[in-house]
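Shown next, in structure tokens, is the structure this report addresses.
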Amino acid sequence: MKRQRGLRRYYKNLSIQNEFDKMKWLDFEKTDTWFDNWHIHFDWYGHGNNSFRKRKPHLDKLFRHFDLLIEKTRNLKTDFQLYTIILDFDSASDALFLHTPNPINTQFPFRIEDLKLESTLNNKPLKEYLENLTGFEKLYGQAGESFCLLYKKGIGADLIP
């Protein structure tokens with residue numbers, strides 16, 4: 001197996017980089033700004049699929065960006081939903097979502113049916129990590145793979161009816 005170079009720097013940068021600084025087009029000041037379940041992934045290559053030790057820094061970055069996005073949404077002139085979906089074993093699919101009413105007529109508020117308060121996750125380290133997160137509401141579901149939807153009460157429109 002070929003050893004990847006630069007992983008030490010890669011993981012160090014996960015803890016300090018702000019992805020939103022790179023997104024000059026992400027403008028919350030405009031009155032006509034809208035998002036159609038816009039999302040961002042933090043583990044494009046799936047480094048965390050085989051090791052929670054490698055997944056944790058990506059999750060830490062995702063939740064740090066969740067808080068950064070809360071600050072940015074304070075400037076939005078419309079309703080919005082801010083949430084994240086974490087999959088049981090597919091680290092590359094973990095994402096942070098922002099959704100608003102939009103001209104494409106995508107359902108707003110966005111709803112996912114059949115969510116439960118009890119965990120459906122089978123990944124024990126991930127389950128423990130999410131249980132230790134504070135300030136988040138957690139809903140669990142199954143769609144091919146178990147997942148956890150997380151959001152903060154009082155930030156944007158509700159995700160549950």
Side-chain angles (χ1 to χ4, degrees), residues 14-15 17-20 22-23 25-26 28 33-161:
L14 281 177
S15 65
Q17 287 180 339
N18 180 346
E19 297 301 316
F20 300 136
K22 300 174 189 175
M23 299 176 190
W25 54 267
L26 196 60
F28 292 93
T33 298
W34 57 270
F35 299 92
D36 179 21
N37 270 321
W38 173 84
H39 60 282
I40 181 171
H41 299 272
F42 295 94
D43 186 7
W44 280 101
Y45 302 107
H47 292 299
N49 287 351
N50 299 321
S51 164
F52 189 77
R53 186 177 66 83
K54 293 179 180 176
R55 188 174 191 179
K56 185 182 179 303
H58 296 95
L59 290 171
D60 291 344
K61 184 173 185 173
L62 182 149
F63 289 109
R64 186 167 48 87
H65 278 70
F66 193 104
D67 290 334
L68 291 171
L69 200 51
I70 288 173
E71 290 304 313
K72 291 194 172 288
T73 58
R74 294 189 197 283
N75 296 325
L76 273 178
K77 310 286 190 263
T78 185
D79 289 337
F80 67 92
Q81 291 176 300
L82 180 62
Y83 61 97
T84 184
I85 295 181
I86 308 295
L87 275 74
D88 210 0
F89 292 100
D90 187 3
S91 181
S93 294
D94 296 344
L96 175 59
F97 290 83
L98 178 61
H99 187 55
T100 65
N102 57 74
I104 300 174
N105 292 323
T106 305
Q107 173 192 12
F108 186 88
F110 180 70
R111 304 266 192 243
I112 299 176
E113 299 296 322
D114 300 326
L115 294 175
K116 300 177 172 97
L117 293 173
E118 311 86 46
S119 178
T120 58
L121 300 176
N122 297 310
N123 185 335
K124 187 177 178 187
L126 176 63
K127 187 175 177 179
E128 289 173 3
Y129 177 89
L130 295 177
E131 285 172 355
N132 290 325
L133 277 177
T134 57
F136 287 91
E137 300 298 316
K138 301 166 189 100
L139 299 170
Y140 300 89
Q142 186 81 28
E145 181 174 352
S146 296
F147 66 90
C148 181
L149 182 145
L150 297 99
Y151 66 98
K152 289 188 174 186
K153 273 191 177 174
I155 305 296
D158 282 336
L159 284 149
I160 52 175

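Just so you know, residue 1 is the first one in the sequence shown, and it goes up from there.
- For F136 and F66, the distance between ring centers is under 6.0 angstrom.
- Judged by distance alone, the side chains of D60 and Y129 do bring a donor and an acceptor atom under 3.5 Å apart.
- Annotation: the span from E19 atom CD to R64 atom CZ amounts to 8.5 Å, rounded to 0.5 Å.
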Checking side chain to side chain donor-acceptor pair (under 3.5 Å) for the pair D88/Y140: CA distance, chi angles, key distance, verdict?
CA-CA 10 Å; D88 210 0; Y140 300 89; over 6 Å; no
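- Here T73 contributes atom OG1 and E71 contributes atom CD; the two are 8.0 Å apart, rounded to the nearest 0.5 Å.
- Here L126 contributes atom CG and F89 contributes atom CZ; the two are 8.5 Å apart, rounded to the nearest 0.5 Å.
- We find the CD1-CG distance between I86 and L62 to be 5.0 Å, quoted to the nearest 0.5 Å.
- The shortest heavy-atom contact between L14 and H58 is CD1-NE2, 3.5 Å.
- Partner S91 forms a side-chain hydrogen bond (donor to acceptor under 3.5 Å, both in side chains) with one of N50, D43, N123 and no other, that one being D43.
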Does the side-chain contact (heavy atoms from CB on, under 4.5 Å) test come out yes or no for N37 and Y83, once each step is laid out?
CA-CA 10 Å; N37 270 321; Y83 61 97; 2.6 Å; yes
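- Note: F108 and H99 have tilted aromatic rings, judged against thresholds of 30 and 60 degrees for the angle between ring planes.
- Within the 4.5 Å cutoff, the side chain of I112 has heavy atoms near those of the F147 side chain.
- In this structure a side-chain-to-backbone donor-acceptor pair under 3.5 Å is missing from K124 to N122.
- For the pair K61 and D94, the salt-bridge criterion is not met [side-chain N within less than 4.0 Å of a carboxylate O].
- Between M23 and I40 the shortest side-chain heavy-atom distance falls below 4.5 Å.
- A donor-acceptor pair under 3.5 Å is absent between the side-chain atoms of E137 and the main chain of L150, judged by distance alone.
- Looking at T120, its side chain never comes within 3.5 Å of a backbone N or O of S146 through a donor-acceptor pair.
- Using the six-membered ring where Trp is involved, F42 and H65 have ring planes that are tilted, between 30° and 60° apart.
- With values rounded to the nearest 0.5 angstrom, L133 atom CG is found 9.0 Å from K152 atom NZ.
- Taking a 6.0 Å sphere around NZ of K138, one finds it holds more than 12 heavy atoms contributed by other residues, nucleotides or ligands.
- At least one side-chain heavy atom of I155 sits less than 4.5 Å from a side-chain heavy atom of F80.
- Ring orientation note: the planes of H39 and H41 are nearly perpendicular, at an angle over 60° on the 30°/60° scale.
- Closest non-hydrogen pair, L76 versus F35, comes out as CD2-CE1, 4.1 Å.
- Within a 6.0 Å radius of NZ in K116, other residues, nucleotides and ligands contribute 12 heavy atoms or fewer.
- By the 4.5 Å heavy-atom criterion applied to side chains, T100 and D79 are not counted as neighbours.
- Side chain of T84 to main chain of A95: a donor-acceptor pair is present (N/O by atom type, distance under 3.5 Å, no hydrogens or angles).
- The local environment of CD1 in I104 is crowded, with over 12 non-hydrogen atoms from other residues, nucleotides or ligands closer than 6.0 Å.
- T78 contributes atom OG1, which lies 12.0 Å from atom CH2 of W34 (distance to the nearest 0.5 angstrom).
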